[in-house]
Amino acid sequence: IYVGSTLVDMYIKCGSLSKAQKVFHELPNRDVVLWTTLIAGYVDHDRGEEALQCVKQMKRDGFSPNAHTLVCSSKACGTLKAIDRGQGIHTEITLKGYEHEIMVGNSLISMYATCGLLETARLLLDRLPFRDVVSWTAMIDGYAEHGYGEEALNCLKGMQHESISSNALTYTCCVKACCSIGTIEKGYELHSAIVERGFESDLPIGSILVSMYVKSGALREAQFVFDKLTIRDYVLWTALIEGYSQVGESENVFSNFDKMLGEGIKPDLASFLIIFNACNHEGLVEKGLAYFEAIRREYGLTPTLEHYTAIIDLLGRSGHLSKAISMIREMPWHPD
RNA sequence: GAGUAGGGAGGUA
């Protein structure tokens, strides 16, 4: 059974949930660890509903969830924004006396914060016997995500006051908080703290800084941050491209998109929306259609209804009405 | 042998 759990875990971490399920079902004996491994796998793959189903089934099979299982369950509720079921998990945690374990406490803070129950999250944070960088970061992210920038940044002070050192994840959430405050001064402050701490080469930090500067229209700063990063991925590129799109510099939208492709980085569906918008802006019907074709042919992605809407909009505005109508007909969905 | 926090998301017709 140890070998089985390890194998299930290995398949999950390689991204092969189906193989993990297969091994799981072929094992003659199951225990809490094995169940929890599979549940964690569902959560990891954003399949919260199946994770919770699995917990139910494990209970029916006579196993009682332990702290590990309950942490996974609360995470599942967080991703599902299912706070009602989340409260049930919380109750179970309290009944079993796990509430003061740091990882359990942190997962509850994160769940409530993600679901927007910020006061509850805060209460749990304050009541934890010991807080760590994860506790604070989860709280900061919750505040930031729901537009409470000031509160988020106060948490940064709070953790410094407790001599808990922040890390790159903490700063990412703080920069996110800055975006909701709307003044760029705090952003500059954080940016220099990030440079001081040596986090500027961190990819998520770079992406959110680019995005922060983009939102305040400071494209030069955004480009500056971008240029400091030697490892780039599609998220970072898209943040920059989005910036040029916002200020109407379509040439830079196209040139940066092509540069990204030139680096061998695969665009994702979101970046094509920005491209179509630029095409629309410039009236570039042929270019738009060429990119639309490329989505499937070159990148093996499936355009969504939004992509069709964007391209149909482009066709319609430029007077290609019959082509627009035939696009509507060829869509796999009912037009909205 | 299993568990907790972070990044980009078009248009608004």
Side-chain angles (χ1 to χ4, degrees), chain A residues 1-10 12-13 31-41 43-44 65-76 78 98 101-111 113-114 121 125 131-142 144-145 166-177 179 199 202-212 214-215 222 226 229 232-243 245-246 253 267-281 304 306-307 309-314 316-317 336:
Chain A
I1 193 163
Y2 280 29
V3 176
S5 297
T6 308
L7 199 54
V8 169
D9 192 39
M10 192 196 77
I12 285 163
K13 294 197 167 114
D31 66 2
V32 176
V33 176
L34 179 61
W35 275 105
T36 305
T37 306
L38 185 67
I39 291 161
V43 176
D44 258 359
N66 64 15
H68 292 246
T69 323
L70 291 165
V71 165
C72 298
S73 310
S74 68
K75 189 174 174 178
Y98 295 138
E101 288 184 29
I102 185 80
M103 284 168 107
V104 176
N106 288 348
S107 78
L108 285 175
I109 292 169
S110 172
M111 178 188 77
T114 302
L125 178 78
R131 288 166 285 279
D132 64 8
V133 59
V134 177
S135 333
W136 281 109
T137 305
M139 192 67 239
I140 291 171
D141 191 41
E145 201 67 54
S166 44
N167 60 21
L169 280 78
T170 317
Y171 276 105
T172 310
C173 301
C174 288
V175 174
K176 195 193 289 180
C179 297
F199 294 145
D202 183 271
L203 209 37
I205 287 267
S207 309
I208 200 151
L209 279 175
V210 167
S211 154
M212 177 188 80
V214 160
K215 280 176 188 137
F226 180 92
L229 288 156
R232 299 160 174 175
D233 69 357
Y234 69 97
V235 175
L236 179 67
W237 274 105
T238 309
L240 183 73
I241 293 168
E242 165 67 15
S245 158
Q246 297 261 326
V253 171
D268 78 336
L269 288 169
S271 56
F272 281 104
L273 293 176
I274 303 172
I275 289 296
F276 293 148
N277 187 32
C279 292
N280 207 337
H281 222 258
T304 68
E306 294 183 314
H307 293 86
T309 306
I311 202 80
I312 289 160
D313 190 23
L314 172 59
R317 278 173 205 261
D336 70 355

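Just so it is clear: chains get the letters A, B, ... in the order the sequence lines come, proteins before strands, and each one is counted from 1.
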side-chain contact (heavy atoms from CB on, under 4.5 Å) between A:D132 and A:N106, worked out: CA-CA 9 Å; A:D132 64 8; A:N106 288 348; 3.2 Å; yes
Start with the C-alpha gap between A:N66 and A:T69, add the side-chain angles, then the distance that decides, and say whether side-chain hydrogen bond (donor to acceptor under 3.5 Å, both in side chains) holds. CA-CA 5 Å; A:N66 64 15; A:T69 323; 2.9 Å; yes
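Judged by atom type and distance alone, A:S207 does not reach the base of B:G8 through any side-chain donor-acceptor pair under 3.5 Å. Residue A:D268 places a side-chain atom within donor-acceptor reach of the base of B:G8, judged by atom type and a 3.5 Å distance cut-off alone. The base of B:A5 has none of its N or O atoms less than 3.5 Å from a complementary donor or acceptor on the side chain of A:D132. Applying the 3.5 Å distance criterion, the base of B:G7 shares no donor-acceptor pair with the side chain of A:D202. Evaluation of atom-type donor-acceptor distances gives no pair under 3.5 Å for the side chain of A:N167 against the base of B:G6. The base of B:G3 has none of its N or O atoms less than 3.5 Å from a complementary donor or acceptor on the side chain of A:N66.
Using a 4.0 Å heavy-atom distance criterion, A:T137 is classed as a base contact. If you check every strand for non-hydrogen atoms under 4.0 Å, A:Y234 touches a base. In this structure, A:L34 reaches the bases: a heavy-atom distance under 4.0 Å links it to at least one base atom across the strands shown. Among the atoms of the strands shown, base atoms are found under 4.0 Å from some heavy atom of A:E101. Here A:A144 lies out of heavy-atom contact (under 4.0 Å) with every strand. Within 4.0 Å of A:E242, counting heavy atoms only, lie sugar-phosphate atoms of the nucleic acid but no base atom. Heavy atoms of A:I1 sit under 4.0 angstrom from at least one base atom. Nucleic acid contact class of A:A67 (heavy atoms, under 4.0 Å, all strands): base. Using a 4.0 Å heavy-atom cutoff across all strands shown, A:L70 reaches no nucleic acid atom at all. Note on A:V210: nothing from the nucleic acid sits closer than 4.0 angstrom, heavy atoms only. Among the protein residues, A:I205 comes within range of the nucleic acid bases, having at least one heavy atom under 4.0 Å from a base atom. The residue A:T172 sits close to a base: some heavy atom pair falls under 4.0 Å. A:I208 comes within contact range of the sugar-phosphate backbone alone, with a heavy-atom separation under 4.0 Å but no base atom that close. Residue contacts shown for A:N106 include a base, since a base heavy atom lies under 4.0 Å away.
Comparing B:A2, B:G10, B:A9 by their nearest atom to the side chain of A:T36 picks out B:A2. With distances taken from any side-chain atom of A:S110 to the nucleotides B:A5, B:G3, B:G10, the minimum falls on B:A5. Considering only side-chain atoms of A:A138, the nucleotide from B:G7, B:A5, B:G3 that sits closest is B:A5. Nearest to the side-chain atoms of A:L169 among the listed nucleotides B:G1, B:G3, B:A5 stands B:A5. Looking at the side chain of A:A40, the nearest of the listed nucleotides B:G6, B:A2, B:G1 is B:A2. Side-chain proximity of A:S5 to the nucleotides B:G8, B:G1, B:G7 is greatest for B:G1. Closest to the side chain of A:V104, from the set B:A5, B:A9, B:G3, is B:G3.
The line from NZ of A:K215 to SG of A:C179 is 4.5 Å long, rounded to the nearest 0.5 Å. Residue A:S211 holds its OG atom at 8.5 Å from CD of A:E242, rounded to the nearest 0.5 Å.
Rounded to an integer number of Å, the gap from A:W136 CH2 to B:A5 C1' is 14 Å. As rounded to whole Å, 13 Å separates atom C1' of B:G10 from atom CZ of A:F272. Rounded to whole angstrom, the span from the CG atom of A:L273 across to the C1' atom of B:U12 amounts to 14 Å. A:L314 has its CG atom 18 Å from the P atom of B:G10, to the nearest Å. In this structure, NZ of A:K176 is placed 14 Å from C1' of B:A9, rounded to the nearest angstrom. Atom-to-atom, CD1 of A:I274 to P of B:U12 comes out at 15 Å; the value is rounded to the nearest Å. As a whole-Å value, the separation of A:D9 CG from B:G3 C1' is 11 Å. If you take NZ of A:K215 and P of B:G7, they are 11 Å apart, rounded to a whole angstrom.
There is no side-chain donor-acceptor pair under 3.5 Å between A:T172 and A:K176.
Counting heavy atoms from C-beta on, the side chains of A:T137 and A:V134 never come closer than 4.5 Å. For the pair A:V33/A:Y2, no side-chain contact is recorded, criterion being any heavy-atom separation below 4.5 Å from C-beta on.
A donor-acceptor distance shorter than 3.5 angstrom exists from the side chain of A:D233 to the backbone of A:L236, with no hydrogens or angles considered.
An OP1 or OP2 oxygen of B:G3 is reached within less than 4.0 angstrom by a side-chain nitrogen or oxygen of A:K13.
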